[in-house]
Each structure stands twice: as C-alpha cells, then as structure tokens.
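Some notes on the structure that comes next.
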Amino acid sequence: MSQSKKKREIPRFSNPIIETHCHLDYLKEDSLEETINKAKDVGIEKFITISVSPNNLDTALEIAKNNESIYCTQGIHPHEAKDWSEEVEKKIREQAKYQKCLAIGEIGLDYHYTKSPKEDQLEAFDKQLTIAGEMDLPVVIHSRDAEEDTIKILTKHLGSLKKRGVIHSFTSSLELAQFAIDNGFYLGFNGIITFKNAQNVRDALEITPIDKILLETDSPFLTPIPFRGNENSPKYLPLVAQKMAEVKALPIEELLSQVYKNSFCLFSFS
Ligand SMILES: [Zn+2]
C-alpha cells in the first residue's frame, strides 16, 4: 500500500467511543443507517444528535426515538435566535422531557457571523439556560467571538445550572476555557484540533484537565485531516481521538477510557 493511502485510514481502537455532538439530520453522503453502521465499525457506541432550530426539534427527537444508540438535545442555536418564540419555548420544554433527550442545546452566542441580532441571541440563550436549570438538564453551548457575554450570562445562571454542560467545538480564549474549567463545565473538541492553523485550540486542549474533555465531530462540519473535502461523519471520530491523545501526551487507551467516563458523567444515557 502506498504511503498516501496508508495515511488516509481511520484507526480502530479497542475502547468504545461516544460521539457527543453531531447533526445526523444534516448528513447527505450516506443514509442514516449507513452513517451509524460505518461509525460502529470503528468503535462508536452512542451518538448525540443536536437540534439547532425550530425546524429540526422534531427531527432530532424522532431520530433518537427510532434508534437505540442515538440520543438527542432540544434547543435553538444562536444563528436561529431570531426565530425564538413562546411556542418554541413550549415545544422545547415538552420534548426535553423525553428520556432520550439528554440536554438543552445547542444554545449560546455567535458574534462572529451574527446571523441573528445580538439582543435576540442573548434573550434565547438566557431563556434556554433557565429551562435547563428548571428541568435539571445539562446545556450544550456554542460560543464564538463572544467570550465576555458568555461568561457574564453563565455566571448569572451558575446557581441553577446544577448539571452544568459543555462548551462544544471549543475555539475561544484561554480565559473562557479557564472559566469553564473552574466552574465545572466540560470542553468539547473536534476535528479542528487536527488543523494546522489551530494552535490556539490545541493550547486550550492542553490546559483542560483530562476529566473535563469530551470528544465530538460536529458532523457534517469540520472534517478532520486527512479527510478534508469529504463530508464529516461520526466515523472520523477516532482521528480526533488520536490527535487528542497526542496533544495530551497520553496513551490512546487511557485517553479514551477517561473521555468515555466523562460523557457518562455529563449525560444521563438510559
Ligand atoms: Zn453543532
């Protein structure tokens, strides 16, 4: 086998792996069944498919209800915050009661794209943090170029957010990383850690204690190297794990067994 072919293999480790953040309803390359089967072939055991908008709250829940190994979240992404309404809130509260809904998310602030006005983002984030606190669920947070407001709003909710949550696809400052770590949140890392220009993200990973790390792909986005150009899929998660072990200077088995435990600490898989 040529060197380049060899490099493009997905490693298969003996530990089970949990995919804590993907958008299964957005994947186009394979059917849902194929996506899941290919991921299971490389050791992925459970999947959390994340809802982002009023349009896919039902889809995420349906996928979870119909597939034993798939779980979901209910929430409105900052990009969609302009569509926040009382009806949406009611729906999230209702559907988050299902056992297979593990968290409120993906919620947060995105001042990089600002696809929804800041005021709308702040309101939707605040309201959904309240829901999570009242329902005693963890949160899945998206924060981009919004460190100051993220810290401010999370600080306000710390008392009620008993289950805390994860700042997923972590790309923010070391200050936000430290705030999250100090206050019992997890940090989620994905294919970005394999990107050449992402030293800042590897720096954040380096200061994150091993018991505060989660693995994710954020599929169909952020395909890890060396599969850039392909649609991202949970089957690539071992590549993220491999890079993570390298950055943390840990044997892969040790890393995977700790991260697996972390996933169970944060999310109540049933
Ligand atoms: Zn996402």
Side-chain angles (χ1 to χ4, degrees), residues 17-29 32 35-36 39 44 46-61 63-64 70-84 88 92 96 100-116 121 124-125 128-129 132 137-146 150 165-172 176 180 185-195 198 201 204-205 213-224 228 230-237 239-240 244 263 266-267:
I17 306 176
I18 297 180
E19 159 72 286
T20 64
H21 192 118
C22 56
H23 302 272
L24 292 175
D25 51 329
Y26 287 179
L27 272 63
K28 295 195 180 75
E29 234 168 61
L32 178 65
T35 300
I36 297 310
I44 317 302
K46 294 179 182 9
F47 308 79
I48 304 178
T49 193
I50 306 289
S51 78
V52 291
S53 90
N55 299 326
N56 84 338
L57 292 169
D58 291 338
T59 321
L61 185 62
I63 293 176
I70 306 177
Y71 298 78
C72 74
T73 65
Q74 294 282 292
I76 305 301
H77 191 284
H79 289 344
E80 318 291 335
K82 56 185 181 315
D83 296 326
W84 180 257
V88 170
I92 291 175
K100 291 205 95 180
C101 173
L102 302 184
I104 299 298
E106 146 172 23
I107 62 175
L109 302 171
D110 193 312
Y111 297 168
H112 184 78
Y113 292 111
T114 322
K115 287 191 184 173
S116 284
Q121 293 191 34
F125 191 22
Q128 293 180 95
L129 288 168
L137 285 167
V139 285
V140 176
I141 297 168
H142 171 109
S143 178
R144 186 148 185 213
D145 292 351
T150 301
V166 55
I167 303 189
H168 106 94
S169 190
F170 195 88
T171 54
S172 298
L176 179 56
F185 287 87
Y186 291 81
L187 273 67
F189 294 94
N190 52 42
I192 295 177
I193 64 169
T194 69
F195 300 173
V201 180
L205 172 58
I213 291 172
L214 292 179
L215 268 171
E216 61 170 65
T217 61
D218 205 13
S219 308
F221 316 107
L222 305 167
T223 311
R228 301 289 293 152
N230 292 10
E231 179 180 83
N232 199 6
S233 180
K235 69 181 176 192
Y236 295 129
L237 201 46
L239 290 158
V240 182
M244 191 178 264
S263 310
L266 182 61
F267 300 113

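What you see below is based on every heavy atom in this structure, not just the backbone, and it leaves out hydrogens, waters and symmetry mates. When a ligand or atom number is given, it counts from 1 through the structure's own listing order.
The Zn ion (ligand 1) is closest to atom OD1 of D218 (considering only N, O or S atoms). Counting just the N/O/S atoms of H21, the one with the shortest distance to the Zn ion (ligand 1) is named NE2. Shortest distance from the Zn ion (ligand 1) to E106 is reached at OE1 (N/O/S atoms only).
At a cut-off of 2.8 Å, H168 does not coordinate the Zn ion (ligand 1) through any N, O or S atom.
Under the 30°/60° scheme for interplanar angles, the aromatic rings of H77 and H79 are found to be tilted.
Using a 4.5 Å heavy-atom threshold, the side chains of T194 and L239 count as separate.
Side-chain atoms of T20 come within 3.5 Å of backbone N or O of L215 as a donor-acceptor pair.
Side-chain atoms of N190 and S169 form a donor-acceptor pair, as typed in the model, at a separation below 3.5 Å.
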